[in-house]
Q: 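Can you read through this structure? Questions will come right after.
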Amino acid sequence: MKKELREKIVSVLSKEIPEVDQIKDKIKIDIPKEEKFGDIAINAAFLLTKLLKQKPIDIANRIKQILEKEPEFEKVEVAGAGFINIFLSPVFYHNILKKIIEEKDQYGKAKNKDKGRINIEFVSANPTGPLHLGHGRGAVVGNVQSNLYEYIGYFVEREFYINDAGRQIRKLGESVCARFFQIENPDYPFPEDGYHGDYIKEIANHLYKYEREKILSFVDKEQAIDFCAEFAKELLLEKIKEDLKEFGVEFDIWFSEKSLYTSGKVDEAIEFLKKKGLIYEKEGALWVKTTEYGDDKDRVIIKSDGSYTYFAGDIAYHYDKFKRGYDFVVDVWGADHHGYFPRLKAAVMAFGVPEDWLRVIFIQLVKLFKNGQEVKMSKRSGSFVTLRELIEEVGKDAVIYFFLTKDSNTHLNFDIDLALKKSSENPVYYVQYAHARISSVFREAKERFGFDPEEDFEADLSLLKENQERVIMKYLAFIPDLISEAAEKQQPHKLTQITYDLASEFHYYYNHFKFLVEEDENLMKARLYLLKAIRYALRTLFKLMGITPVERM
RNA sequence: GUCCCUGUAGCUCAGCAGGAUAGAGCACCAGAUUCCUAAUCUGGAGGUCGGCGGUUCGAAUCCGCCCAGGGACACCA
């Protein structure tokens, strides 16, 4: 909506003040905090001071005269040092409500996916155990950011990178294998840095039950480890898929790290860099000149023992993404990898992509709190809280919402007690209650008046004269701007704030006005129309976050 | 040592491509229910935006220096 308003203002002004053309890109449409400062405020007068060599206040008064002639603007005022405050007319707002009713839970969403094609890779957990809280936060942030990019018109592919090569998988195999042999021989040694979780024992028990003969028949112990590793990996991956699906997260692409090696893609990527003169040999190892593109030091891609580094795999993986032709790609990483960004960026730059082709969203730690005490997680002992456990305890919606309350790049303290509270203190209940309340009013309307707001209806919106009604309509008008801003800045956590504020405005409205006005059917319809728009706006936001819109609580 | 992040109300944090009197939730104090769900709402108190400079009509926001806390700097994954 801001964009439309800005275009309008610029075109009207530049007819009378040609200098406006020079500053049009700097004109900012603000939504003032206080109602007396109008519905929108523009900074045009300040920007023109130098060009026109006049005081901001004088320029502002001239702008006021010009803009006041427009029917969309009910009133224009000059305030402070030269702020121009514009009050929008009721017709403007009525059109917003109609637009929402039309677009339903896709309010403000781009109609086409013509902005570009992008890839977002997230979660990408090692298939060596269940998902933990960090993965969960990454899953929510990655998924919601994907939704946001779709909202503003991108075609998005969600991708999960399976770390199925390398030491972790081997360790998994050793651990499962050891647990398997321990069933018959309790003294069988367990690898020192193996995985201790109970799930390892469960997998071993399963194998003992169904694959005992086969495993015992292996002559070579290595074969047994490989077999266990492969089996456990597949099983754990299935578990991960299930958990994510239940969490509302689905991927378009499951990309296997191992496939990079078996298909020769790693060598292909190295060959590409070699041709660009970025590869050299030193101390028996193969290095890539990442310093050419801003890294602190060059990096090894093939160790002196002939094996690839993890970095080699990552270069090949991103080379593959590059060849798939995305406009840009997003990686969601744990914050502990932030030092890794410059070197990968350098490698990617070597492909000849723009500076911001590779974008990384960092996910900071999640700490769980219960009864005011931190719930310690220890992966080594195997007694860590999994994502599934948390979802079972507080519910999917609460987990998603809480994961989205803060910028993903800051530490998050997850208060379990708060998430379980059924009161206004708990923001999840607060926003869902707003939705449920509107549904409840609709049910009541149907029962008492035989009027079903769920069906299409017309209303005389000029009857919405209360200040709070105008406040809500104004908030609704700019929700698409707020969502788009969150999308572009890669800040999905803003959605919770937007939702909370809308819920808050509604609750206030509910408490001060009656919707089911018996004595005035037209007023009732107008208000129900507004409620319907609010509910669709809430649903739009819920949908982006992946939260269930509940009909009754 | 180099680099990154953080520092805003008692607590947890928003705000930070500059804008009007710095916000929210919790906690604290005082209130509201013959009424569509009180799982709600209203009001109050609470701040040298870590410090010092700079840029400008204007700085929590941008720049520089400093202080404090956390993290990253492997032929690990």
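In what follows, chains are A, B, ... by sequence order, proteins preceding strands, each numbered from 1.
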Q: Expressed as a whole number of Å, how far does the C1' atom of B:C11 sit from that of B:G54?
A: 35 Å
Q: In terms of heavy-atom contacts, does NZ of A:Lys258 have more than 12 from other residues, nucleotides or ligands at under 6.0 Å?
A: no
Q: Would you call A:Lys115 and A:Glu488 a salt bridge, using N to O less than 4.0 angstrom?
A: yes
Q: With the stacking rule set at 5.5 Å and 30°, tell me whether A:Phe515 counts as stacking on B:C36.
A: yes
Q: Please check if the number of heavy atoms outside A:Arg167 that lie under 6.0 Å from its CZ is greater than 12.
A: no
Q: How long is the line joining CG of A:Asp415 and C1' of B:C26, in whole Å?
A: 10 Å
Q: For nucleotides 72-77 of chain B, read 5' to 3', which letter fits each nucleotide if B means a protein heavy atom sits under 4.0 Å from the base, S means only the sugar-phosphate is that close, and - means neither?
A: S-SBSB
Q: Inspect the contact between A:Glu521 and A:Lys525 and indicate whether a charged nitrogen and a carboxylate oxygen are less than 4.0 angstrom apart.
A: yes
Q: Listed by chain and number, what are the side-chain contact (heavy atoms from CB on, under 4.5 Å) partners of A:Lys489, not counting sequence neighbours?
A: A:Glu485, A:Gln491, A:Lys494
Q: Take atom NE2 of A:His512 and atom P of B:U33, then tell me their distance rounded to the nearest Å.
A: 13 Å
Q: Considering every strand shown, what is the Watson-Crick or G-U wobble mate of B:G7 when both distances are under 3.5 Å?
A: B:C67
Q: Taking a pair as Watson-Crick or G-U wobble with both distances under 3.5 Å, which nucleotide is matched to B:A32?
A: B:U40
Q: Could you tell me how far apart A:Asn426 (CG) and B:A24 (C1') are, to the nearest whole angstrom?
A: 15 Å
Q: Charged N to carboxylate O under 4.0 angstrom, A:Glu454 versus A:Lys532?
A: no
Q: Using the ring centroid of each side chain, check whether A:Tyr161 and A:Phe122 are separated by less than 6.0 Å.
A: no
Q: Which part of the nucleic acid does A:Lys406 contact within heavy-atom distance under 4.0 Å: base, sugar-phosphate only, or nothing?
A: sugar-phosphate
Q: Got a sec? Which of residues 489-498 of chain A come in under 4.0 Å of RNA chain B, heavy atoms?
A: A:Lys489, A:His493, A:Lys494
Q: For B:A20, is there a stacking contact with A:Phe83, counting only centres under 5.5 Å and planes under 30°?
A: yes
Q: Starting from P on B:G18, measure out to CG on A:Asn43 and report it in whole angstrom.
A: 9 Å
Q: Can a salt bridge be assigned to the pair A:Glu444 and A:Arg552 using a cut-off of 4.0 Å between side-chain N and carboxylate O?
A: no
Q: Pairing check on B:A59: which nucleotide meets the Watson-Crick or G-U wobble criteria with it, both distances under 3.5 Å?
A: none
Q: Can you classify the ring geometry of A:Tyr508 versus A:His512 as parallel (below 30°), tilted (30 to 60°) or perpendicular (above 60°)?
A: parallel
Q: Can you check the A:Arg552 CZ to B:C36 C1' distance for me, whole Å?
A: 14 Å
Q: Nearest-nucleotide wise, let me know which of A:Met553 and A:Asp407 is further upstream toward the 5' end of RNA chain B.
A: A:Asp407
Q: Just call it for A:Phe414: base, sugar-phosphate, or nothing, with non-hydrogen atoms closer than 4.0 Å on any strand.
A: nothing
Q: Please report, rounded to the nearest Å, how far the P atom of B:C35 is from the CZ atom of A:Arg437.
A: 14 Å
Q: For A:His507 and B:G25, what is the distance between atoms NE2 and C1' respectively, to the nearest whole Å?
A: 14 Å
Q: Are A:Lys171 and A:Tyr195 in a cation-pi setup, meaning NZ or CZ lies under 6.0 angstrom from the ring centre and within 45 degrees of the ring axis?
A: yes
Q: Select base, sugar-phosphate, or nothing to describe what A:Ala41 touches, counting heavy atoms under 4.0 Å on all strands.
A: base
Q: For A:Tyr510 and B:A38, is the shortest distance between a side-chain N/O and OP1 or OP2 below 4.0 Å?
A: yes
Q: Using purine N1 to pyrimidine N3 plus N6-O4 or O6-N4 for Watson-Crick, or N1-O2 and O6-N3 for G-U wobble, both under 3.5 Å, which nucleotide pairs with B:U48?
A: none
Q: More than 12 foreign heavy atoms under 6.0 Å from NZ of A:Lys303: is that the case here?
A: yes
Q: Base, sugar-phosphate or nothing for A:Asn85? Non-hydrogen atoms, less than 4.0 Å.
A: base
Q: Paired with B:A72: which nucleotide, if any, by Watson-Crick or G-U wobble criteria at under 3.5 Å for both distances?
A: B:U2
Q: Once you apply the 3.5 Å cut-off to both distances, tell me the Watson-Crick or G-U wobble partner of B:C13, or none.
A: B:G23
Q: Taking atom C1' of B:C4 as reference, at what distance in whole Å does atom NZ of A:Lys345 sit?
A: 14 Å
Q: Looking at the angle O4'-C1'-N9-C4 for a purine or O4'-C1'-N1-C2 for a pyrimidine, is B:A60 syn or anti, with syn meaning within 90° of 0?
A: anti
